[in-house]
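Here the structure is laid out as structure tokens; the discussion comes afterwards.
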Amino acid sequence: MNRAGKKMIEQWVTPIGEGIWQIELPQMESQTANVFLIEDETLTLIDSGPPYDNCLEVLHEGLRFLGYKWADIDLLILTHPHIDHIGGAAFLPDPPQVYAYQETMAEIGSYDQYIDRWMKLPHLLASEYPDLRGIFLSQLSLDWFEGFFPRGGSLQITRELVDEERISLGKRELEVIYTPGHSMKHVGLLLKQEKLFFSGDYMLQRGPALTRLMGDQVDAFVQSIKRVEQLDIDRVLPSHGHPFSFETGLQKVAELVSRQEEKLKRVLSDSPKTAIDLFIAYFGMKNASLERVGIEFTGVDTFIKHLLKDEMIKQEGLHYFLND
Ligand SMILES: [Zn+2]
């Protein structure tokens with residue numbers, strides 16, 4: 001983005017409650033990522049946003065607008081180890097204390113190895129869908145992955161969290177709510193007094209992608225709702241998009257899996273399809289920007305494999321059929 005002037009930065013910073021702020025970062029295209037600042041004795045940031053220069057600039061400007069700088073942050077809590085949540089901190093100097101769910105250190109502690117694993121995605125897809133190989137491994141696609149998962153960062157987790165753990169920030173307390181599925185190391189954070197739930201990517205307006213090839217699990221995602229629906233929550237603060245009511249959040253989670261399954265089943269209802277057919281029908285040619293096919297298809301792959309496992313569809317050679 002251009003120079004983030006005062007007027008402009010106001011558009012990215014939204015008050016959520018007394019001393020609670022949302023800073024929206026321009027991730028890419030129409031997608032944005034949120035970080036949340038909680039002012040207490042421990043100045044706390046939830047998620048650090050993506051690693052790209054335009055995001056870091058807005059993060060700095062947003063903090064400055066609120067009277068702080070990056071070095072003032074005492075504590076960073078990560079909802080889950082995805083690049084658009086951890087990336088900012090991985091590229092900023094002198095990180096604060098960083099808390100994340102168990103085993104996050106093993107995943108991101110060696111940052112470039114973490115990137116290497118994500119860079120395997122187009123190759124994994126190419127081996128599972130040979131007819132799309134040329135698209136997944138095209139220079140356009142590989143360049144996109146290189147840009148989306150930049151190397152050269154580093155991030156150390158100073159404490160690993162467990163479910164139900166309470167983190168005291170001073171006057172306030174955040175409770176850790178383990179919500180696996182979108183990532184198996186995903187937590188939501190509950191601010192009890194205010195009945196606010198920082199949902200990470202577990203609850204999103206449009207629902208998150210589930211990337212089986214990186215360990216995400218549809219079944220765990222569905223199970224997590226049993227834990228979350230017990231909570232006393234008014235408002236959900238997602239890591240992408242605008243806040244919404246708890247009712248809406250529960251509904252979004254409940255609908256996600258069936259919505260994806262129905263979409264694929266509908267496409268297969270008139271005739272068998274190849275992966276290319278599925279891709280075109282699923283995204284529509286107009287929206288299918290070629291360099292993003294790989295990352296988008298990881299989500300379709302998750303539900304193709306889920307339907308195969310549940311024997312709702314079957315595969316013969318390169319074709320997928322609806323089971324009757
Ligand atoms: Zn995510």
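Not measured: the values here are computed from a predicted model. Atoms within each ligand, like the ligands themselves, are counted from 1 in listed order. All residue numbers refer to positions in the sequence shown, counting from 1.
For residue His186, no N/O/S atom approaches the Zn ion (ligand 1) to within less than 2.8 Å. Put simply, Asp201 gets within reach of the Zn ion (ligand 1), with an N, O or S atom under 2.8 Å from it. At least one N, O or S atom of His82, from either the backbone or the side chain, sits less than 2.8 Å from the Zn ion (ligand 1).
Lys192 has a carboxylate O that lies under 4.0 Å from a charged side-chain N of Glu175, or vice versa, which qualifies the two as a salt bridge.
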side-chain contact (heavy atoms from CB on, under 4.5 Å) for Gln113 and Tyr111? Distances and angles first, verdict last. CA-CA 5 Å; Gln113 281 176 23; Tyr111 178 85; over 6 Å; no
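A distance-only check finds a donor-acceptor pair linking the side chain of Asp47 to the backbone of Thr79 [under 3.5 Å]. Of the possible polar contacts, one joining the Tyr178 side chain to the Met184 backbone as a donor-acceptor pair under 3.5 Å is found.
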